[in-house]
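What follows is one structure encoded as structure tokens, with my remarks underneath.
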Protein chains: 4
Amino acid sequence: MTAMVPVTNEHKPHGDWHRTPLRVPLYEVDLGQAVYHGNYFHLLELGREAFLRDLGYPYRHFMAQQLHLTIVEASCSYRRPLLYDDLIEVHTHIDGWRSRSLTFSQAITRNEGTGGRVLCTEATLKMVCVRFTGQPTLLPSEFVDILRDSSGVPQR
Amino acid sequence: MTAMVPVTNEHKPHGDWHRTPLRVPLYEVDLGQAVYHGNYFHLLELGREAFLRDLGYPYRHFMAQQLHLTIVEASCSYRRPLLYDDLIEVHTHIDGWRSRSLTFSQAITRNEGTGGRVLCTEATLKMVCVRFTGQPTLLPSEFVDILRDSSGVPQR
Amino acid sequence: MTAMVPVTNEHKPHGDWHRTPLRVPLYEVDLGQAVYHGNYFHLLELGREAFLRDLGYPYRHFMAQQLHLTIVEASCSYRRPLLYDDLIEVHTHIDGWRSRSLTFSQAITRNEGTGGRVLCTEATLKMVCVRFTGQPTLLPSEFVDILRDSSGVPQR
Amino acid sequence: MTAMVPVTNEHKPHGDWHRTPLRVPLYEVDLGQAVYHGNYFHLLELGREAFLRDLGYPYRHFMAQQLHLTIVEASCSYRRPLLYDDLIEVHTHIDGWRSRSLTFSQAITRNEGTGGRVLCTEATLKMVCVRFTGQPTLLPSEFVDILRDSSGVPQR
């Protein structure tokens, strides 16, 4: 899932980002024939879930400690629409982290018939670690240890 | 729907933004007990729909001309979570427009029991007018005329 | 909200069902240009929420007691598609109840330009009262008292 | 995908139904901590999509002919709740078909740690073949040929 990814004619995402292959479901598509803009966050979430699982710290581990990563800021650039049944890849990367927060950069590319890959979506999500009560708290230390060991994820 | 809105202790949104009162539905709330981050776009859309209807150019008019306003960039700041059954108001404003695009600023406030209103969500959505085929095109001239006549909506 | 409702050329729903007027949002519509079949449950839920509120026992009261009404069986007949921006009414009725369960019958009609109303959707939902832990439990006694006082809601 | 499936202590679904393994996404779960009742239709749809693809007639083929399979009746029995991150399998079977319609039976089982499988959800969906205009029409003949060749799918 983390092999090199030469993206066609695009600088980002870098080849060392995590990749999750998906197919666009019918129920994410709206009357404009492309994925509804709020539903891209479903696809991005599937990418982050797979990323955390492959990192060795699935989201389930947060929840077992009565913690959530709650999203406080999101931005998304819809460069090219995703259509029903498109074969896509969600690219996921942690930009940086602090004691209570972290920021993901993500991108979605579409596989073209020619074997190339076209950048369709770019997103940034900043999230804060909170208890189930909503109170902000420290990221779990075991998770932080994993982040420290992951090359290319800067503490900020 | 367009009456003055003094927002408690907040500079934005301004009092002359359009307001749509809503109640947060159960099905928008996820396992973290707040509205799922992608579902805020449903609430924001309901606000824009009401705004366009009250402006005299409902979205149905775009579609009748085989046009869509497709979202090319969105950003959202989730300052305070929206909870099930919260009484909220979606505030909507057009920041500016060009021949083929326009940008909305929106905010969601929650009504507090004291009669005050707390700013929970801020969002910006940039959209482009496209034909059903996906090709960018001019905003309908009748819609542009309405924008020109609306004080406070600058052409940029 | 509970006035008599003569439905055009249809036997059901009866005129004494609760009615909630709604407009079909864009985000509920899929690429087939009608509401996605799973999303009719959003519209039906908005009807039941308004019904319970008008009955004097909003769903929030269940939750305040750490209770949910969890759906155990649902069926829906999609007789005519609901389209974007349709003006509709959700009709809601409790068919019957037992100590731990109750069954709703619901229907959705579309307002026609002629002033008539066409039956588009019929649904039945059976739900069981459960604690937040998932364990089935008795319906709250205050809610049962309201049901007993409501003419036409049989205990079964 | 179509290997024999002994389901723990359950008569249905039969072992020759098509199976699609999935993991329950976070965004399908509501404030009750289980999948929202309307969102089970997303999971069921993913199963039917995979079924049609493996049958050699993906849904894309219908759409290429300006056809949809529109759902006219659905029923779902929610026997046990599906929770976030559950490993599940969607079992799909065509009960029967006529010239313009077909009926799917589906089930969702959850994988238990012991290697067993527990039946959680049962659903039946009746659908009609329609043109993009909404007009009912014959199922595509190539699709009917495939159904005829599939043992165990009766014409009714």
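Just so we're on the same page: letters track the sequence lines, and every chain starts at 1.
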Please report all inter-chain donor-acceptor pairs (under 3.5 Å) between chain B and chain A, with distances to 0.1 Å.
from	atom 1	to	atom 2	distance (Å)
Y36(B)	OH	F41(A)	O	3.3
Y36(B)	OH	E45(A)	OE1	3.0
F41(B)	O	Y36(A)	OH	3.3
E45(B)	OE1	Y36(A)	OH	2.9
V72(B)	O	Y78(A)	N	2.8
A74(B)	N	C76(A)	O	2.9
A74(B)	O	C76(A)	N	2.7
C76(B)	N	A74(A)	O	2.7
C76(B)	O	A74(A)	N	2.9
Y78(B)	N	V72(A)	O	2.8

Handout entry: Among the listed options A74(B), A34(B), G32(B), G134(B), the residue most often paired with chain A at heavy-atom distances under 4.5 Å
Key =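 Most heavy-atom pairs under 4.5 Å with chain A: A74(B).
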Practice task
Can you run down the ring pair (Phe, Tyr, Trp, His ring centres under 6.0 Å) pairs that involve residues 103-129 of chain B, sequence neighbours left out, and say none if there aren't any?
Solution key: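 Sorted pair list: F51(B)-F104(B).
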Practice task
Measure distances from L44(A) to the heavy atoms of chain B and classify the residue's part below 4.5 Å as side chain, backbone, both or neither.
Solution key: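 Neither part; nothing is under 4.5 Å.
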